[in-house]
Protein chains: 2
Amino acid sequence: MATIKDVAQAAGVAPSTVSYVLSGSRKISAETRAAVQAAVDELGYHPNAGARSLRSTRTDVLALALPLSGTGYLPVGGRFMYGLSEAAGKHGYLVLLVTPPGSGDAGAGLERAARSRFADAAVLMGVEMEDPRVAAMRALDFPVALIGHPADESAAPWTDLDWEESALASVRALRDAGHRRVLYLATVEEDVGTGRTYSVRGIRGAARAAAELAAHVDVCHSSGDPAELYRRLDARFDSADPPTALAVQHPAAIPGILRHLAARGVQVPRDVSLVAVGSFPEDLGGLDVTRIELPVAEMSAAVTRLAAEAVEAAGDPGRAGGDSAPHRLIPPRMIRGSTVAPAP
Amino acid sequence: MATIKDVAQAAGVAPSTVSYVLSGSRKISAETRAAVQAAVDELGYHPNAGARSLRSTRTDVLALALPLSGTGYLPVGGRFMYGLSEAAGKHGYLVLLVTPPGSGDAGAGLERAARSRFADAAVLMGVEMEDPRVAAMRALDFPVALIGHPADESAAPWTDLDWEESALASVRALRDAGHRRVLYLATVEEDVGTGRTYSVRGIRGAARAAAELAAHVDVCHSSGDPAELYRRLDARFDSADPPTALAVQHPAAIPGILRHLAARGVQVPRDVSLVAVGSFPEDLGGLDVTRIELPVAEMSAAVTRLAAEAVEAAGDPGRAGGDSAPHRLIPPRMIRGSTVAPAP
DNA sequence: CTGAAAGCGCTTACAG
DNA sequence: CTGAAAGCGCTTACAG
């Protein structure tokens with residue numbers, strides 16, 4: 001592989017001049033610049049990543065810390081890998097995956113990536129309300145940006161869909177259609193248990209909806225096991241006062257839920273209305289569901305910007321260590337589908 | 001961050017000794033080893049990735065070259081990111097994502113990653129029958145392993161589900177149930193057009209099935225646009241001699257297909273039987289479809305092993321450059337679901 | 001069994 | 001406007 005020396009020799013200049021041409025951090029005469037550029041193109045020169053990062057302490061890599069997928073594959077993780085890779089590319093960053101599912105300690109891969117300086121910053125997914133990874137990375141002076149809205153909003157830069165408002169808006173849409181008994185199907189219970197921010201805040205929004213909208217809102221946790229989920233739904237629909245509407249924060253389960261309800265003789269929206277909270281198109285298998293979509297591209301762009309800023313700030317002692325952190329809370333946008341009808 | 005010097009000082013030895021303890025490439029007395037290990041643990045020392053790779057030309061990183069997703073998000077890409085990250089982790093590798101969807105040149109990110117030595121090898125997804133990336137990487141002496149079965153089997157190590165056998169087996173299962181008119185719904189036409197190996201080989205298997213099994217096998221290309229796909233299906237089902245069975249190599253479309261058929265008054269499997277080719281569970285939204293699943297974990301493990309071997313071989317001049325490449329072709333396994341019934 | 005030293009390929013003060 | 005030189009943190013022949 002060509003080195004900076006090869007380029008310098010081909011262009012008849014010193015290696016340092018090549019470096020300056022490439023970084024643009026020094027005024028260079030037009031002829032010299034052209035000669036160097038020609039040699040770079042001719043040789044297909046790309047600076048060695050290891051040498052560059054050793055010297056400049058910049059890797060141009062963002063680490064993406066995936067959540068442990070206790071319940072198997074998480075489609076949302078795949079979406080963000082794509083979304084982040086694309087957004088990061090626009091900022092000149094590559095994306096490194098850490099903490100593969102199945103490893104023991106949730107933070108082990110991340111810690112290694114940070115201590116070995118495999119990356120300039122980490123983007124954290126599957127964030128918990130009190131996420132231990134935030135303090136761990138701060139102790140290492142390693143910049144982070146979160147996809148999630150933690151309890152301490154100033155602990156680290158973060159972005160998220162406003163899940164609380166999303167839950168509220170979905171119940172409101174149902175309430176506006178006349179429904180007074182709404183079942184809020186929250187995330188799978190593992191996510192509730194570990195305090196994932198989207199899970200906790202969604203449930204919080206459902207509780208607010210009950211208080212503010214004069215509606216009965218029954219919160220039920222979803223399950224990764226469809227049979228168990230359907231048992232829970234059956235219990236509600238078999239009760240004396242069954243719900244007339246569902247708000248579902250487990251969108252991947254919706255096609256199955258619709259089939260299960262149909263098998264019970266319950267039609268959507270004729271008998272029951274339904275809103276999806278935080279879905280993406282693949283989840284719904286082409287069904288025209290009334291929904292609030294998860295804005296993956298917008299969140300990916302936002303978290304990339306936050307991460308890039310955190311990297312800059314870490315290099316600039318003046319700006320680092322302020323006790324507030326920037327964030328971007330994304331308001332929900334309701335998309336009208338065909339699954340909401342007036343209450344019977 | 002602690003360096004090897006800090007560890008050496010804390011342990012009272014030379015930096016080189018710390019390096020030897022960590023690499024295990026030299027006999028070290030038990031006391032020295034213990035002292036070094038204690039210092040390493042105490043300081044939380046991890047070797048700097050840049051320095052290590054600069055010196056040893058090993059990065060312990062595998063680049064995953066994603067296909068350009070012309071038709072938007074590809075769930076299969078997400079699956080392999082998880083699968084590969086997990087499999088690579090077991091071999092001590094981290095995974096770097098390159099060529100995010102949306103970038104102009106399919107190979108630009110990969111080329112940069114290779115020339116800058118961001119990784120030790122590349123795993124290529126979305127492989128085409130004659131994939132230009134293979135030659136490009138060979139020209140750079142950059143090891144690759146493919147997820148896909150290219151025309152030239154000896155060009156690079158590769159692994160894949162045997163799509164030809166999969167298509168053949170799916171038609172055979174339908175033929176064995178008495179079906180004589182089978183519609184083979186191939187991949188979306190973009191994949192056919194670019195010559196993706198799974199696409200070409202699936203169609204090849206369908207053609208063989210027609211020749212070998214005395215069945216009419218009509219091959220129809222799927223579409224990313226559901227409306228267009230349903231028009232194509234309607235054309236077949238409205239014909240004088242409609243199919244009685246479907247083999248579908250576009251599993252994500254199956255829930256929608258079933259709904260569309262139901263709307264036409266066609267029940268599966270009462271009126272039409274169906275087999276999915278290369279699905280994974282999320283695709284089918286909980287439907288109990290007769291299917292050949294895409295063995296993501298097995299393929300990820302295989303391609304990781306192939307990549308790791310290619311890295312070793314590249315370091316060993318004796319083994320490199322042989323004119324054959326190892327591969328692993330995975331035979332299909334049919335999973336019985338409830339979507340195949342005897343022909344009417 | 002252990003250490004001192006060279007050098008991987010860059011970037012960036014220092015010098016002119 | 002350009003160059004010579006130091007040094008980032010490792011690994012591994014060379015030496016004892």
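The chains referred to below are lettered A, B, ... by the order of the sequence lines, with proteins before strands, and numbering in each begins at 1.
Residue contacts for B:T32: at a heavy-atom cut-off of 4.0 Å it reaches the sugar-phosphate backbone alone, with no base atom in range. Looking at heavy-atom distances under 4.0 Å, A:S19 makes contact with a base.
Under the 3.5 Å distance criterion, with hydrogens and angles disregarded, a donor-acceptor pair is assigned to the side chains of B:T32 and B:S29.
Computed from coordinates, the B:E31 CD to C:dT2 C1' distance equals 13 Å when rounded to whole Å. The distance between atom CG of A:N48 and atom P of D:dC10, rounded to the nearest whole Å, is 16 Å. Rounded to whole Å, atom P of D:dG9 lies 18 Å from atom CZ of A:R52. Straight-line distance from the CG atom of A:L22 to the C1' atom of C:dC10: 11 Å, rounded to whole Å. For B:M1 and D:dG9, the CE to P distance is 11 Å, given to the nearest whole Å. Per the geometry, CZ belonging to B:R115 stands 16 Å off C1' belonging to C:dG9, to the nearest Å. Between the CD atom of A:Q9 and the C1' atom of D:dA4 there is a distance of 16 Å, rounded to whole Å.
Heavy-atom minimum distance, B:L22 versus B:Y45: CD2-CE2, 3.5 Å.
The side-chain heavy atoms of B:L62 and B:L94, taken from C-beta on, include no pair separated by under 4.5 Å.
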Could you pull out the protein-nucleic contacts involving nucleotides 6-8 of chain D (nitrogen or oxygen on both sides, under 3.5 Å)?
residue: D:dG7; atom: N2; partner: A:R55; partner atom: NH1; Å: 3.1

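When distances run from any side-chain atom of A:Y20 to the nucleotides C:dT2, D:dT11, C:dA13, the shortest one goes to C:dA13. Here the nucleotide nearest the side chain of A:V13, chosen from C:dA13, D:dG9, D:dG3, is D:dG3.
Under the side-chain contact (heavy atoms from CB on, under 4.5 Å) rule, B:L124 has a single partner from B:L110, B:V303, B:I147, which is B:L110.
Nearest-nucleotide positions on DNA chain D place A:S29 closer to the 5' end than the other of B:P15 and A:S29.
In this structure, A:R115 contributes its side chain and B:H46 its backbone to no donor-acceptor pair below 3.5 Å. One N or O on the side chain of A:D120 and one on the backbone of A:D60 form a donor-acceptor pair closer than 3.5 Å. Judged by distance alone, with hydrogens and angles left aside, the side-chain atoms of A:D41 form no donor-acceptor pair with the main-chain N or O of A:A38 at under 3.5 Å.
Nucleotide C:dA4 has no partner under the Watson-Crick or G-U criteria, as no pair reaches both atom distances under 3.5 Å.
A donor-acceptor contact under 3.5 Å is not formed by the side chain of B:S16 with the base of C:dA5. With hydrogens and angles ignored, a donor-acceptor pair closer than 3.5 Å exists between the side chain of A:R26 and the base of D:dT2.
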